[in-house]
Amino acid sequence: MNRYKELWRRILAETLSARTGRKVEESEIVTEVPPRPELGDLAFPLFPFAKSLRKSPKDVALELAAALRERAAEGRGVAEAAGPYLNVRLERPRVIAEVVRDVLAQGGGFGANGELAGQRVVVEFSSPNTNKPLHLGHMRNDAIGMAVARMLEACGAEVLRVNLINDRGIHICKSMLAYRRFGEGRTPESLGQKSDHLVGDYYVRYAKWAVEDPGAEAQAQALLLAWEQGDPEVRELWGTMNRWAIEGINQTYRKTGVRFDKVYRESETYLLGRAEILAGLERGVFQRDPDGSVWVDLTAQGLDRKVLLRSDGTSLYVTQDVGTAVQRHRDWPFNRQIYVVGNEQRYHFQVLFKVLALLGHAWAENLHHLAYGMVTLPEGMGKMKSREGTAVDADELVADLERLAVEQIRSKEREAEVEDLPGTAEKIALGALHYYLLAPSPYKDMVFDPNESISFTGATGPYLQYTGARISSMRRKFAERAESFRGGEFRAELLSAPEEWELAKSMAAFPDTVAQAARELNPALLATHLFELARTYASYYHDHPVLHNEDSALVVSRIRLAEAVRQVLACGMALIGVPFLEKM
RNA sequence: GCGUCCAUAGCUCAGUCCGGAUAGAGCAACAGCCUUCUAAGCUGUGGGUCGCAGGUUCGAGUCCUGCUGGACGCGCCA
């Protein structure tokens, strides 16, 4: 839609410049969409020009409408006055023809643009700990990370998906300690259990034990010390349990379509972080306290004094993150780096970015914390504490959604039609999950209602999938009956229903939404746009037969329009991780 | 105590960055629609002091100030 908007902006700026006797910039022209389609397709409020023209906005609109009459052909539409607004009514058949042609010609590439061409962007997301399986919070993180990565790619950027595995520290030692104490040599194989769940069970076991035994904490500390000193037995146990955790987590990633181009481990970068901090100390940007700890003073910048190295010389979370960032920029010099991390860590990232800047890394100003809100359960369903074993487990949740999808397919008696029941159920489950997690703005806390997420009515992933499957089905039927529609040609002027115009506008605006979503790092804009497109289409095909028409030109015209809708849905769904289904 | 973020329909959320026409969806509720391209659908009805009070503006859900309520942060934890 932008191309038409920009076209009229220019036309209006030229006309207004001539009338006001000063150069009116295109940026001064405010564009909107009229509140009701009958009013036109583009709207330009004229309040700002009333003063300089010494006329009421209403009269300005009337005069402009008259003056713009001769530019209708150029602008593919006519301008009319509507109160204080100048509204433009586009020439529908011409625009519909352009949109359908563009969508079908560009196929899977529709919506892409070159806005970020040549940019290299790192997107870090997921960042699991190796002491427990993934939970619902990770799934929101993953959904956002994957969607943002794909959106940036759609805008031409080269994206590196990066995972940072938190595989060291006291919390990791806790599950190791509990396993050593209570595990009796059990393995995932001996138990027939998914390996990350085994590790997670001992993390929960530790928490229970620590309540009874006040000495537990000290033992965990001792184990961490042994780990840092490289005790072979401890390192071996650590290696085994880490492998279990990571293998299990990777299974979940494969299941949910999450992938990374590069994986970093904190155990591999914390030493570089320490070296960086010591270099900063030498350059005088940090200070050492009498007890040996190293500090950065950010009070001048509205933050606090923060410790960067402990008095015993060991590193902290922020130290590791410094090392990781430096390592990454060496490995793959990026223009931007986006950290998808919960909003409770806002302060941490402010500090991190300032510390990196103080260390003299120019790229520090191109780091961005994409802070997303907490996911909670509805009232009465409890808090998600992985320590207590009450977190919503990712694997379980996906399995539950799949079960419900199977039930739905059976109850609709679609089992024979879909052919691959488990595969279809899996895709519906992922569509439901990803759509639900991406629909609210990332920065806001959200309530995850398991029942609502799997409900198949309303603004959901399955609704998009259903719309796509219906069109796909219709398309197959069209191909089967191709003979009877022979000779029919696409003619945009046959697509004169108001809904057909709404569909064309929605499709024309899709590339703008992709660009905006990428600019704002907000996949929710896409989720909303796709739902509205699907809803308009559902309403349209309910009372406008596509194949059941005498006029084969009308059939062909409508099927092309429907195919374009299908294509736009497919493009958008791919971006937000909702699998497209030919049949459901 | 200090800082950051949030508050829109019974519920879950768009709209706020960048101020413009009677504030929109979905769910739930109620009433309809399957000899017709998949009823996981479609149509209609009811439902809002945009947390409160000021201010700026021709115009405020949107910007500014104060207040109230909530979440998070302010560890030699991650």
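Letters go in sequence order (proteins before strands), and every chain restarts at 1.
- Under the 6.0 Å cut-off for aromatic ring centres, A:Tyr436 and A:Phe448 qualify, their centroids lying closer than that.
- Distance from the side chain of A:Tyr317 is smallest to B:A78 among B:A78, B:C74, B:A21.
- Side-chain polar atoms of A:Tyr270 and A:Arg168 form no donor-acceptor pair below 3.5 angstrom.
- For the pair A:Ile409 CD1 and B:U38 P, the interatomic distance rounds to 16 Å; values are reported in whole Å.
- Base orientation for B:C33: anti, the chi torsion being more than 90° from 0.
- Not one side-chain nitrogen or oxygen of A:Arg535 sits closer than 4.0 Å to the OP1 or OP2 atom of B:G41.
- Whole-Å rounding puts the A:Tyr540 OH to B:C42 C1' distance at 15 Å.
- Across every strand in view, B:C27 sits in a pair with B:G10 that passes the Watson-Crick or G-U test at under 3.5 angstrom.
- Nucleotide B:C33: paired with B:G41 (Watson-Crick or G-U wobble, both distances less than 3.5 Å).
- In this structure, B:U16 forms no base pair with any nucleotide, since neither Watson-Crick nor G-U wobble geometry is met with both distances under 3.5 Å.
- The existence of a salt bridge linking A:Glu582 and A:Arg566 is confirmed by a sub-4.0 Å separation between a basic side-chain nitrogen and an acidic carboxylate oxygen.
- Residue A:Arg470 has a polar side-chain atom (N or O) positioned under 4.0 Å from OP1 or OP2 of B:A39.
- Between the CG atom of A:Asp304 and the P atom of B:U4 there is a distance of 12 Å, given to the nearest Å.
- Phosphate contact (OP1/OP2 of B:A7, side-chain N/O of A:Lys444, threshold under 4.0 Å): present.
- Contact check, A:Lys477 against B:C37: no side-chain N or O comes under 4.0 Å of OP1 or OP2.
- Note on A:Thr457: every side-chain N or O is 4.0 Å or more away from OP1 and OP2 of B:G41.
- One interatomic measurement links the two molecules: NE2 of A:His348 to C1' of B:C77, which rounds to 12 Å at whole-angstrom precision.
- Counting only heavy atoms from C-beta on, A:Asn166 has its side chain closest to B:A78 among B:A21, B:A78, B:U36.
- A:Met584 comes within 4.0 angstrom of a base, heavy atoms only.
- The side chain of A:Glu344 approaches B:G73 more closely than any other nucleotide in the set B:G73, B:C42, B:A21.
- The side chain of A:Tyr541 lies closest to B:C37, out of B:A78, B:C37, B:C5.
- Close to B:C42, at under 4.0 Å from its OP1 or OP2, lies a side-chain N or O of A:Tyr463.
- Between A:His368 and A:Tyr339, the gap from one ring centroid to the other reaches at least 6.0 Å.
- For the pair A:Ser539 and B:C42, the criterion of a side-chain N or O lying under 4.0 Å from OP1 or OP2 is not met.
- Applying the Watson-Crick and G-U wobble criteria (two distances, each under 3.5 Å), B:A71 pairs with B:U4.
- Separation of atoms NZ (A:Lys174) and CG (A:Leu224) is listed at 10.5 Å; rounding is to 0.5 Å.
- Both distances falling under 3.5 Å, in either a Watson-Crick or a G-U wobble arrangement, place B:U65 opposite B:A53.
- Rounded to an integer number of Å, the gap from A:Asp449 CG to B:C27 C1' is 10 Å.
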